Structures are given as C-alpha cells and as structure tokens.
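Heads up: the structure comes next, in structure tokens.
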Amino acid sequence: MIEKFIMAGSTPLHICDSQKGDRCIVLLHGYLESLLVWEDFVPLLYKQVRVVTLDLPGHGISTIEGTEHTMEFLADTVVAGIRALGIEHCTLVGHSMGGYVALACCERHPTLLDGLVLLSSTPNADTPEKSENRRREIALILAGKKELLSRTAPAAGFAEENRRRLRDYIEDLTEQVLITEDEGIVALLNGMISRKDRNEMLHNTSVPQLFLLGRKDNYIPIDAAEKLVAAHPQARVVWLEHSGHMGFIEEPEVCASALLDFANSNTSRS
C-alpha cells in the first residue's frame with residue numbers, strides 16, 4: 001500500500017492505495033475511525049483487486065473544512081480523490097458513517113460506481129432521538145470531555161462475545177478517538193444530523209447494492225436491520241452471524257469473501 005496525500009478538488013486527502021488490479025474497491029471508514037481501521041482487512045482483498053482507503057475530512061489526518069461536513073461535501077471530495085487517482089469505476093464500501101457518504105456518492109455520481117456496499121449502515125435519516133444523542137455528543141466534545149466518549153464508543157461497536165478476543169482492536173479504536181481533533185468530530189456529527197433519507201434513491205438507482213449486516217449490532221438492532229432488508233428487495237444481503245457493528249474486524253474472512261464476490265459479479269457495468 002502506497003500512503004500519500006492527494007488533492008481532491010481543493011481538499012487535501014490522506015489515502016492509501018495498493019495501485020494494482022483491474023477492479024477497484026474503495027473503503028470508507030466510520031465515525032471516530034480513520035483509514036487505519038482497515039489495516040488488517042486490506043490484505044484479504046488486495047491480491048484480487050485494487051484497494052483504496054482514505055481518511056474522510058475531519059478524521060485521521062485529512063483536513064477539517066468548517067463546522068459542518070455534509071455528506072454531500074464528503075461525497076464530492078471522495079469522488080474527486082478517486083478520479084485524481086485515475087480510477088474510472090469502483091465498488092464503494094461504506095462502514096457506518098462511511099455508508100452515509102457512499103450513499104451520497106451513489107446519488108451524485110452513480111456512473112462512477114460498479115457497486116455500492118453498506119457495511120453496518122443504513123439509508124435512513126436520523127430519528128429525532130438519534131439527532132438529540134448526537135447533539136449531546138457535540139456538547140460533550142465542546143465541554144472538553146472527549147475521554148468519556150472514548151471509554152464507551154469503541155467497545156459498543158463489537159458483539160459482546162467478541163470483546164475479550166478483540167480487546168487490542170478496542171484499545172486501538174479508543175486511542176483513535178482520543179487523537180481525533182475535536183473540530184473534526186463536531187463537523188461530522190453536524191453532517192450526520194443534517195443528512196437526508198436516501199431510501200428512495202436506493203430503489204431508483206441502477207447501481208447494484210449489497211448490505212452487510214451484523215446479527216448482534218448494538219447500533220442497528222436486528223429488528224431494524226430486518227426491516228431494512230425487507231424494504232430493499234433489490235439489494236443483496238449477507239448476514240454476519242457473529243458480528244456487531246464491526247464485522248470486517250469480527251468476521252473478516254466472511255466479510256472479505258462477500259465483498260470480492262460482489263465486486264467480481266458487477267464488472268459488466270464497467
């Protein structure tokens with residue numbers, strides 16, 4: 001993997017690129033993460049496809065652009081970065097918040113995508129309760145109490161049965177929260193609060209879709225996940241039977257196999 005900064009339009013973007021492969025998978029990380037979260041997952045993919053990871057603006061070491069990073073701004077930045085790398089088509093994989101960005105990419109730049117993968121993510125807008133929870137997180141950050149967030153958020157992403165086995169990953173994610181800039185966290189929270197519902201877009205787009213969902217996800221409970229699947233019969237679905245919200249860490253081989261099968265099946269669109 002080659003690590004570098006590129007200009008995505010006017011925004012500097014931190015990326016890693018395996019550079020080799022006729023097909024390409026682009027991985028978008030979630031909230032309070034960075035491209036580092038994919039480090040052990042990428043080797044399961046890059047022998048078969050080109051893999052690109054990046055720090056979404058506001059997280060990792062990409063830049064912060066104001067007090068709100070809308071999903072549309074993030075999508076346009078991601079697409080500008082993909083095109084700057086000379087990539088004409090890709091399968092776009094969004095984990096959690098990265099899924100919200102991927103959905104905006106699909107709406108705004110559908111011809112770029114061979115496929116769209118929502119990994120522990122949904123096309124739904126925030127409920128009023130969820131928006132209020134995000135506003136409480138913003139207040140926590142502005143009060144200088146980010147360490148409280150770091151104590152709870154990383155572990156909650158994993159199924160309880162996996163937390164002991166994957167405690168090193170949880171510690172790494174805890175550290176990631178602590179080093180993420182406060183302004184970036186707030187900008188992304190504001191962007192998630194204001195994002196729109198994209199269920200109708202998913203029904204209307206011709207871009208093939210895959211949902212990768214954890215049976216034991218604390219953020220997308222099983223009843224909500226089953227409703228999502230029922231509402232989108234056009235999408236392929238792979239259930240990660242022993243995963244919470246972090247399936248690519250909890251069941252990496254199953255997750256990688258599903259992504260590669262999906263990416264390979266959609267090459268006719270390119």
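The model shown is predicted, which means the values in this text are computed figures rather than measured ones.
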To the nearest 0.5 angstrom, please state how far the CD atom of Glu137 sits from the CG atom of Leu149. 5.0 Å
Residue pair Glu129 / Glu132, side-chain heavy-atom distance below 4.5 Å: no
Under 6.0 Å from the CD atom of Glu241, do we count more than 12 heavy atoms belonging to anything else shown? yes
Kindly determine whether Leu45 and Trp38 satisfy side chain to side chain contact (heavy atoms under 4.5 Å, CB included), including the steps that lead there. CA-CA 11 Å; Leu45 304 175; Trp38 303 109; over 6 Å; no
Sorted by first residue and then second, give each side-chain hydrogen bond (donor to acceptor under 3.5 Å, both in side chains) pair with at least one member in residues 64-77; sequence neighbours left out. Thr63-Glu65, Glu68-Ser194, Glu72-Arg198, Asp76-Arg108, Asp76-His109
Residue pair Met246, Val37: steps toward the side chain to side chain contact (heavy atoms under 4.5 Å, CB included) verdict: CA-CA 10 Å; Met246 305 295 289; Val37 79; 4.1 Å; yes
Atom CG in Leu240, atom OG in Ser120: separation rounded to 0.5 Å? 7.0 Å
Look at atom CD of Glu39 and say whether more than 12 heavy atoms of other residues, nucleotides or ligands are closer to it than 6.0 Å. no
Does a side-chain heavy-atom distance below 4.5 Å link Ser18 with Val42? no
Within one Ile-Leu-Val-Met-Phe-Trp-Tyr cluster: Leu35 and Val26, side-chain cutoff 4.5 Å: no
With a 4.0 Å cut-off, would you call Glu107 and Lys196 a salt bridge? yes
Within the distance-only criterion (no hydrogens, no angle test), does the side chain of Ser150 pair as donor or acceptor with the backbone N or O of Leu178 below 3.5 angstrom? no
Do you know the tightest heavy-atom contact between His245 and Ser96? NE2-OG, 2.8 Å
Using modelled atom types only, decide if a donor and an acceptor are shared between the side chain of His14 and the backbone of Glu3 within a distance under 3.5 Å. no
Is Leu36 linked to Leu119 within one hydrophobic cluster, defined over Ile, Leu, Val, Met, Phe, Trp and Tyr using a side-chain heavy-atom separation of less than 4.5 Å? no
With no hydrogens and no angle check, is any side-chain donor or acceptor of His59 less than 3.5 Å from a backbone partner on Leu32? yes
Please name the residue in the list His232, Glu200, Met201 that meets the side-chain contact (heavy atoms from CB on, under 4.5 Å) test with Pro123. His232
Look at atom CG of Asp22 and say whether more than 12 heavy atoms of other residues, nucleotides or ligands are closer to it than 6.0 Å. no
Ser62 versus Pro57, closest heavy-atom pair with distance: CB-CA, 3.9 Å
Do the non-hydrogen side-chain atoms of Leu202 and Phe211 ever get within less than 4.5 Å of each other? yes
Could you see if Val93 belongs to whatever hydrophobic cluster contains Met1? Use Ile, Leu, Val, Met, Phe, Trp, Tyr and a side-chain cutoff under 4.5 Å. yes
4.5 Å side-chain heavy-atom contact, Leu85 and Ile6: yes
When you compare the side chain of Thr53 with that of Ile15, does any pair of heavy atoms fall below 4.5 Å? no
same_hphob_cluster(Ile179, Val177) at 4.5 Å side-chain heavy-atom cutoff: no
Can you list the other members of the hydrophobic cluster that holds Phe5, where links are side-chain heavy atoms under 4.5 angstrom apart? Ile61
Approximate separation, where rounding is to 0.5 Å, of Thr152 OG1 and Glu147 CD: 11.0 Å
So, does Arg83 use its side chain to make a donor-acceptor pair with the main chain of Ala80 at under 3.5 Å? no
With a 4.5 Å limit on heavy-atom distance, are the side chains of Phe41 and Leu27 in contact? yes
Counting distance only, does the side-chain N/O of His29 pair as donor-acceptor with the main-chain N or O of Leu56 below 3.5 Å? yes
Is there a path of hydrophobic side-chain contacts, each under 4.5 Å between heavy atoms of I, L, V, M, F, W or Y residues, that connects Ile87 with Leu116? yes
So does Arg23 pair up with Asp114, basic N to acidic O under 4.0 Å? no
Between the side chain of Ser257 and the main-chain N/O of Val254, is any donor-acceptor distance below 3.5 Å? no
Nearest heavy-atom pair of Ala159 and Lys216: which atoms, and what distance? CB-CB, 3.9 Å
Heavy atoms of Arg135 and Ile193 approach each other most closely as NH2-CG2, 3.7 Å
Is atom CD of Glu160 surrounded by more than 12 heavy atoms (other residues, nucleotides or ligands) closer than 6.0 Å? no
Are more than 12 heavy atoms from other residues, nucleotides or ligands located less than 6.0 Å from atom CZ of Arg165? yes
Quick one: does Cys255's side chain get under 4.5 Å of Leu212's, heavy atoms only? yes
Exercise: identify the closest heavy-atom pair between Val238 and Ala258: CG2-CB, 4.0 Å
Test item: Ser243 side-chain N/O and Gly214 main-chain N/O as donor-acceptor pair under 3.5 Å: no
Under a 3.5 Å distance rule, please check whether Thr174 uses its side chain to pair with a backbone N or O of Ile170 as donor and acceptor. yes
For Lys146 and Ile141, indicate whether the former's side chain and the latter's backbone hold a donor-acceptor pair under 3.5 Å. no
Please check this pair: side chain of Gln234 against backbone of Gln209, looking for a donor-acceptor N/O pair closer than 3.5 Å. no
Between Leu92 and Val207, is the side chain to side chain contact (heavy atoms under 4.5 Å, CB included) condition met? List the steps. CA-CA 11 Å; Leu92 191 59; Val207 175; over 6 Å; no
Between Asp55 and Ser34, what is the shortest heavy-atom contact and its length? OD1-CB, 3.3 Å
Do Phe158 and Arg164 make a side-chain contact, defined as non-hydrogen atoms from C-beta onward lying under 4.5 Å apart? no
Yes or no on side chain to side chain contact (heavy atoms under 4.5 Å, CB included) for Val52 and Cys90, after CA distance, side-chain angles and deciding distance? CA-CA 10 Å; Val52 175; Cys90 70; over 6 Å; no
